[in-house]
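Just below is one structure, and these are the notes that go with it.
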Number of protein chains: 2
Amino acid sequence: MTQDVVRGASRAGRSPAGWTEPTEDHGAQRVSERARRPTINDIARLARVSKKTVSRVINRSPLVREDTRERINAVIEETGFVPDPTARGLAFRRAFLIGMIYDNPTPQYVVNMQQGLLDGMRDSDYELVVHPCNRASPDFVTDVRNFVERQKLFGVVLPPSVSEDDRLPPILRENDCAYIRIASVALDEPDVMVVTNDHVGAAAAARHLLALGHRRIAHISGLMTFRSAHERRRGFSEALAAQGVKLTSKNVLEGAYTFESGIECAKVLLARSPRPTAIFAGNDEMAAGVLVAARQAGVSIPHDLSVVGYDDFQIAERVWPPLTTIHTPTREIGRIAADQLIRSTGDAHGIRYDSQAILPTLVVRESSGPAPAE
Amino acid sequence: MTQDVVRGASRAGRSPAGWTEPTEDHGAQRVSERARRPTINDIARLARVSKKTVSRVINRSPLVREDTRERINAVIEETGFVPDPTARGLAFRRAFLIGMIYDNPTPQYVVNMQQGLLDGMRDSDYELVVHPCNRASPDFVTDVRNFVERQKLFGVVLPPSVSEDDRLPPILRENDCAYIRIASVALDEPDVMVVTNDHVGAAAAARHLLALGHRRIAHISGLMTFRSAHERRRGFSEALAAQGVKLTSKNVLEGAYTFESGIECAKVLLARSPRPTAIFAGNDEMAAGVLVAARQAGVSIPHDLSVVGYDDFQIAERVWPPLTTIHTPTREIGRIAADQLIRSTGDAHGIRYDSQAILPTLVVRESSGPAPAE
DNA sequence: CTGAAAGCGCTTACAG
DNA sequence: CTGAAAGCGCTTACAG
């Protein structure tokens, strides 16, 4: 009946944030009688083995006799024992945590990626810790170092554009922190990369517009400090060139992957004479901006102008007209990244994913149509 | 020079996932010579005190003489000592982790909330662990229990609709896990709640439409299993009633907070004769759906129909016309929730936030206008 | 294939 | 106001 006191609202002494040292101040010891969770010692006792042997079973060591293992597993099953991640973390000098370090302006990307990472971590012993950051900040690298070092993270996943920073991998290696970089091209050893091949998606956009008869084609790229912006531009322009259409630099404007920058760039393009008949935007956000600028300029879509985006996030279906765009399986990419990160240890080393499975694909909606007759 | 072997790709023995027991198999002990981070023992030695006294300083105990404290802090500063969260976690029987348990269909909400929680956790010792879940699953409660129990979380933040589940608080209390529920109304003691007062926002929407001369007004609510759906409906209908306009149940359709449900409900409403001149949707997603349905029905917005959403997420500015909506300061709400959670311990207990600061507010854009003349 | 001892880096429970 | 001893629940480093 002292439980209420202990568990109640004040909970003094429950945490470091409250400075009270309860027993020093209050004398009386109040231990709640709640059923204690079984520990490795309980399992060892019940299975009549040493805790080291239980530890071997927990960690899937092959150096355990089959019948011993079965006996221990039976006890584990019965008691519902789950090894304490904090204690394991301390003994391993390594927390059971995987970090996602991101600096991405698109919430949909962040949530899809998170979801995918958690898909890949299911049934693992790890939890996901999120760590947004600002790549432009002078403290960026220090911040990442502190995060990884203090928490002794098992590993981190780096989506773009954090993945593109070459200052991070050496720091991670120094801290013995595994990592996976997700990027549009291979920036590192294959087993620490998930490559999204953005140039393939951009090429599909180009072929789509060419097939519709477009020849006066413009591109609004993302920020050129993002590798994906380069790759999308390259894939697009190469696929155009393959069919004899040249993407001149005059027809490429650099946006910032934001809605507003899409509007601004489109204004410039639509004011030209002759006007482009098609615009490929580096992502859906900018494509949505093109739609707004076109409406303001009295340009009808897709009759006067075709627009293609990139990402196929929710917004692509919400705007009017719905966007033709390039679908990227972000969640699946996240699942693969987590999977590869977790399996980067021990003998499973070197497993590869099927890069075909995560290739970007064209999704045709109503923002693109035949090129207008001259 | 053995470092490369240790730090290289294989990293055997680095983790439980790889079952190898390096020294058992390989004999030779390979310790990387990397500078060890200082521990509490180093600080104690350098400051010529016991580690317990250093511990007191770390945990801000007042029971330390001022000059002793200063001496220890100087050493901590010099060495860059940061106490190991894993070790503290084990000793405290409580991890330095705060969980966000969510089941929310809107990525923008999730990301804003996360960002806010991290704002509130800055300079604290905690990290944020994300835990999406499915409230409709039969394993929902068990899943949450396991998460909290195994990780020995310091606390959790429950945004809607997870916050509305009354089965959770008893489980959390049993596990001595602090919690904050974020909801549209007070469902619990004030110090474990952040109340968003959705009825206030909905009332603002109602007054806006009344001021524009609308009288034939409809509402597409969210799923009635969400408390917010009730509150928004109630606030809206009470504010209409205050000016003599009755919101009949015939003029309320239940949506599901999704874009698609917005389209479906709007189709029904727009087929009626006489047609409503204004629709208040329970969130922006459904309002976006209303826009699509109106376009299909040849109903011009805002000329023939005014539309008001709720949330003021990015989509509100991307659709056409941009949505008049109710702005909710999600990030700030998250910051307050984290702040309140962390300060729920010790003597700071009972601190309240300024509920005025997070009140929802009307944002007028182009989807609403004067009621059409009859 | 298995185990006894020591240790991971902290805090608790006392004692002074 | 301060400290020595024990302990949190695991794994490592040996030894057999």
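Owing to the predicted nature of the structure, the values given are computational and were not obtained by experimental measurement. We name chains A, B, ... by the order of the sequence lines, and we start the count at 1 in each one.
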**Residue-phosphate contact under 4.0 Å: A:Thr53 side-chain N/O, C:dT2 OP1/OP2** = no

**Asked** Dot-bracket, DNA chain D: Watson-Crick or G-U, under 3.5 angstrom, [ ] crossing, | other strand?
**Response** |||.||||||||.|||

**Prompt:** Looking at B:Ser50, does any N or O in its side chain come under 4.0 Å of the phosphate oxygens OP1/OP2 on D:dT2?
**Reply:** no

**Message:** Looking at every heavy atom in both A:Pro83 and A:Ile58, which two are closest together, and how far apart are they?
**Reply:** CG-CG2, 3.7 Å

**Asked** So, does A:Glu127 use its side chain to make a donor-acceptor pair with the main chain of B:Gln151 at under 3.5 Å?
**Response** no

**Fill in**
Closest of D:dG3, D:dC10, C:dC10 to the A:Asp84 side chain is D:dC10

**Message:** Side chain of A:Lys52 only, heavy atoms from C-beta on: which candidate in D:dG9, C:dA4, C:dC10 is closest?
**Reply:** C:dA4

**B:Asp84 side chain vs B:Thr86 backbone, donor-acceptor pair below 3.5 Å** = yes

**Prompt:** A:Asp165 side chain to A:Val162 main-chain N or O, any donor-acceptor pair under 3.5 Å?
**Reply:** no

**Message:** Please tell me if A:Arg93 has a side-chain N or O lying less than 4.0 Å from either OP1 or OP2 of C:dC8.
**Reply:** no

**Message:** Under 4.0 Å from OP1 or OP2 of C:dT11: is there any side-chain N or O of B:Asn59 that close?
**Reply:** yes

**Asked** Which nucleotide in the set D:dC8, D:dT11, D:dG3 lies at the smallest distance from any side-chain heavy atom of B:Ala91?
**Response** D:dC8

**Fill in**
Residues in residues 65-75 of chain A with a heavy atom under 4.0 Å of DNA chain C, by number, are A:Arg65, A:Thr68

**Item:** Pairing residues for B:Ala44 by the side chain to side chain contact (heavy atoms under 4.5 Å, CB included) criterion, not counting sequence neighbours
**Value:** B:Lys51, B:Val54

**Item:** Min side-chain heavy-atom separation A:Ile171-A:Val144 under 4.5 Å
**Value:** no

**Complete:** Between CZ of A:Arg94 and C1' of C:dG9 the distance, given in whole Å, is 15 Å

**Request:** Spell out, as yes or no, whether a donor-acceptor pair under 3.5 Å connects the side chain of A:Arg71 to the backbone of A:Ala47.
**Result:** yes

**Ring centres under 6.0 angstrom apart (B:Phe154, B:Tyr126)** = yes

